[in-house]
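Below is one structure, written out as structure tokens; the observations come after it.
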Amino acid sequence: MSSKKSLEKKISDRSARCAVIGLGYVGLPLAVELAGAGFPVVGLDKSLEKVEAVNRGESYIPDVPTRQVLQEVENGRLSATMDFGVVSGCDVVCVCVPTPLNKTRDPDISCIIAALEEAIVPNLHPGMLIVLESTTYPGTTDEVMVPALTGTGLKAGADIFVAFSPERVDPGNPRFNTGNIPKVVGGATPKCTEMAALFYRQFLDTVFPVSSASVAEMVKIHENTFRSVNIALVNELAVMCDRLGIDVWEVIEGAATKPFGFMPFYPGPGLGGHCIPIDPYYLSWKARSVGFEARFIELAGQVNSFMPLHVVQKAVDALNSIGKAMKGARILVLGVAYKKNIDDERESPAIDIINRLLAKGADVSYTDPYIPELDVGTAVLKHVEMTPELLSGCDLALIVTDHDDFDYKLVLQEAPLILDTRNTIRSRDNKKVWRI
């Protein structure tokens, strides 16, 4: 039986042993979904803490219930290890490792390369499907993955199958999860696309094949660039309206009544997370390599990066309105996660805001039930419980992340001054409430 036929059979009867490299916000939900569909799954990660948690049947990702992890561990379909040698016994490998930016805002695909060199290439064998899910620039699959894998003498589309399928994860979203989010798939060859599509159709509701891996890579970058550019537009509108004395929130509310040709985006303290602040730079970097300047992307990045500075200036203005200097002011930051109701502070604008406040001499503390400790680079802060005494004792309550757990009535009642960057309190007439 050919490698293709053998792998097709294993995928179709769900006996294919799957490895998921990287057990973070993308990898763990994927591993659990695969196990739930009947596939035997092993998760690989360099974090002993994550590996041990999975093997105990515990979830460290809020969107993945511990009961689901425990169920799949107990029925023998899910396990985790730090031993990359187990890949030799696997038929499908999904790579879900981080792809951050380096200090010069260029793509850092070192984790992808490490996954290839340490786990996949040494254990590669005919009849294996390798899918990259980590967000990256168009061309990574064809220019990095395929040469490394075919350098072993195996042929893509005949002996092994290589594809890209972008992760689509929205942490904290109760409506959309791994199983019901449509999955885009593009292979290094048409047969690679067919194999990857067959695989994902076993456990996902909707699979959308595209003509190549590069198209699939561009799909993901386009999705997040779309959000980055539109958020930048509304952030710039917010700063403009502030100068003009116009309520930007009321403007958006009015514009959103249009039933066609408009989609509301909302201003905020800055971008955060593992996608939107990072992915557009992957595209602009790739564009420069072919002599093209991605002006919208670069400009959007500049506008969004300005927002923490704008928030701090609004805090200065708010304190000045009550005759209080920023130096020595007691500022309580409400929420430091990059978005509401999650425990992820990656690229959170709160970090930049806190550093700027500290640099101006403010006495800063924060409350966030999801983030017990926050390293802002210049200091390590610890979460403090929100109490009436804490609120009344601060000079300014600064709402950066609008967690549903917060008691905003208590904040409005006890805090002497509030800067609301999310329009959570929705008070236009209360003079102690400032908004961006």
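- Annotation: the span from I112 atom CD1 to I120 atom CD1 amounts to 10.0 Å, rounded to 0.5 Å.
- With contacts defined as side-chain heavy-atom distances shorter than 4.5 Å, the pair L116/M145 qualifies.
- By the salt bridge (charged side-chain N to carboxylate O under 4.0 Å, His left out) test, D344 pairs with R346, sequence neighbours left out.
- The distance from the OH atom of Y281 to the CG atom of L101 is 8.0 Å, given to the nearest 0.5 Å.
- Listed for the H403 side chain is a donor-acceptor partner under 3.5 Å among the backbone atoms of N341.
- In summary, E8 and K4 engage in a salt bridge, as defined by a charged side-chain N under 4.0 Å from a carboxylate O.
- Side-chain contact check for P269 versus R422: some heavy-atom pair is nearer than 4.5 Å.
- Side-chain atoms of D205 and N180 form no donor-acceptor pair, as typed in the model, at a separation below 3.5 Å.
- The pair K339-E345 fails the salt-bridge criterion, with no side-chain N (NZ, NE, NH1 or NH2) lying under 4.0 Å from an Asp/Glu carboxylate O.
- In terms of modelled atom types and a separation under 3.5 Å, the side chain of T367 and the main chain of V384 share a donor-acceptor contact.
- Aromatic pair F226/F265: ring centres closer than 6.0 Å.
- Taking the side chain as every heavy atom from C-beta outward, L7 and F161 approach each other to under 4.5 Å.
- Proximity of a side-chain donor or acceptor of Y25 to a complementary backbone N or O of D170 within less than 3.5 Å is not detected.
- Using modelled atom types, no side-chain atom of Y266 and backbone atom of V234 make a donor-acceptor pair closer than 3.5 Å.
- Under the 4.5 Å side-chain criterion, counting only non-hydrogen atoms from C-beta, R168 is not in contact with T178.
- Of all non-hydrogen atoms in I297 and S284, the two that sit nearest each other are CG2-CB, 4.0 Å.
- In plain terms, the two heavy atoms of A35 and L78 that are nearest each other are CB-CB, 4.2 Å.
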Could you walk me through whether I399 and L419 pass the side-chain contact (heavy atoms from CB on, under 4.5 Å) check? CA-CA 6 Å; I399 301 172; L419 174 54; over 6 Å; no
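- More than 12 heavy atoms of other residues, nucleotides or ligands sit less than 6.0 Å from atom CD of Q68.
- Here the closest non-hydrogen pair linking G254 and T257 is O-OG1, 2.6 Å.
- Ring planes of Y408 and F406: perpendicular class, angle over 60° (limits at 30 and 60°).
- Between the side chains of N235 and N304, at least one donor N or O sits under 3.5 Å from an acceptor N or O.
- Interatomic distance, D352 CG to M307 CE, rounded to the nearest 0.5 Å: 12.0 Å.
- Side-chain atoms of S15 and D13 form a donor-acceptor pair, as typed in the model, at a separation below 3.5 Å.
- For the pair K286 and Y137, the cation-pi test (distance below 6.0 Å, angle within 45°) is failed.
- Checked by atom type and distance alone, the side chain of D420 never pairs as donor or acceptor with a backbone atom of L398 at under 3.5 Å.
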Determine, stepwise, if the pair E118 / K46 fulfils salt bridge (charged side-chain N to carboxylate O under 4.0 Å, His left out). CA-CA 11 Å; E118 298 173 24; K46 292 184 176 181; 3.1 Å; yes
Could you go step by step and tell me if I21 and V97 meet the side-chain contact (heavy atoms from CB on, under 4.5 Å) rule? CA-CA 7 Å; I21 302 178; V97 296; 3.9 Å; yes
Do S110 and D108 pass the side-chain hydrogen bond (donor to acceptor under 3.5 Å, both in side chains) test, and can you show the C-alpha distance, the side-chain angles, and the key distance before you say yes or no? CA-CA 6 Å; S110 58; D108 179 358; 2.7 Å; yes
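- Defined by atom type and a distance below 3.5 Å, a donor-acceptor pair is present between the side-chain atoms of E217 and T141.
- Not one N or O on the side chain of T421 forms a donor-acceptor pair closer than 3.5 Å with the backbone of G268.
- Under the 3.5 Å distance criterion, the side-chain polar atoms of S88 are matched with a main-chain donor or acceptor of G85.
- With a 4.5 Å cut-off on side-chain heavy atoms, E347 and Y338 do not count as touching.
- In this structure, the side chains of V121 and L149 come closer than 4.5 Å at one or more pairs of heavy atoms.
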Would C90 and V42 satisfy side-chain contact (heavy atoms from CB on, under 4.5 Å), going step by step from the backbone distance to the final call? CA-CA 9 Å; C90 293; V42 58; 3.9 Å; yes
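- D159 and S3 form no side-chain donor-acceptor contact under 3.5 Å, judged by distance and modelled atom types alone.
- Nearest heavy atom pair, residue Y60 against residue L23, reads OH-O, 2.6 Å.
- Within 6.0 Å of CZ on F208 lie no more than 12 heavy atoms contributed by other residues, nucleotides or ligands.
- Between T225 and F296 the shortest side-chain heavy-atom distance does not fall below 4.5 Å.
- For the pair K10 and D91, the salt-bridge criterion is met [side-chain N within less than 4.0 Å of a carboxylate O].
- Of the charged side-chain nitrogens involved, at least one lies within less than 4.0 Å of a carboxylate oxygen, so that E298 and R288 count as a salt-bridged pair.
- For T66 (side chain) and S59 (main-chain N/O), a donor-acceptor pair under 3.5 Å exists by modelled atom type.
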So K220 and D279, side-chain contact (heavy atoms from CB on, under 4.5 Å) or not? Walk me through it. CA-CA 8 Å; K220 174 63 176 179; D279 297 352; 4.0 Å; yes
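- In terms of heavy atoms, A337 sits closest to I342 at CB-O, 3.3 Å.
- In this structure, OG on S365 lies 9.5 Å from CD1 on I331, to the nearest 0.5 angstrom.
- Rounded to the nearest 0.5 angstrom, S228 OG and L271 CG are separated by 5.5 Å.
- Between V248 and D242 there is no side-chain heavy-atom pair separated by less than 4.5 Å.
- In this structure a side-chain-to-backbone donor-acceptor pair under 3.5 Å is present from T150 to V146.
- Other residues, nucleotides and ligands contribute over 12 non-hydrogen atoms within 6.0 Å of the CE atom of M326.
- For the residue pair Y370 and D405, a side-chain donor N or O sits within less than 3.5 Å of a side-chain acceptor on the partner.
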Going through the distances and angles, do E133 and K183 end up as a salt bridge (charged side-chain N to carboxylate O under 4.0 Å, His left out)? CA-CA 11 Å; E133 291 211 0; K183 192 73 166 154; 3.1 Å; yes
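- None of I252, L237, L233 except one satisfies the side chain to side chain contact (heavy atoms under 4.5 Å, CB included) rule with P267; the exception is I252.
- Formation of a donor-acceptor pair under 3.5 Å by the D368 side chain with backbone atoms of V336 is found in this model.
- The shortest heavy-atom contact between N224 and P280 is O-CG, 4.2 Å.
- Atom CZ of R77 sits about 7.5 Å away from atom CD of Q71, to the nearest 0.5 Å.
- Annotation for R56: atom CZ counts as buried by contact number, over 12 foreign heavy atoms lying within 6.0 Å.
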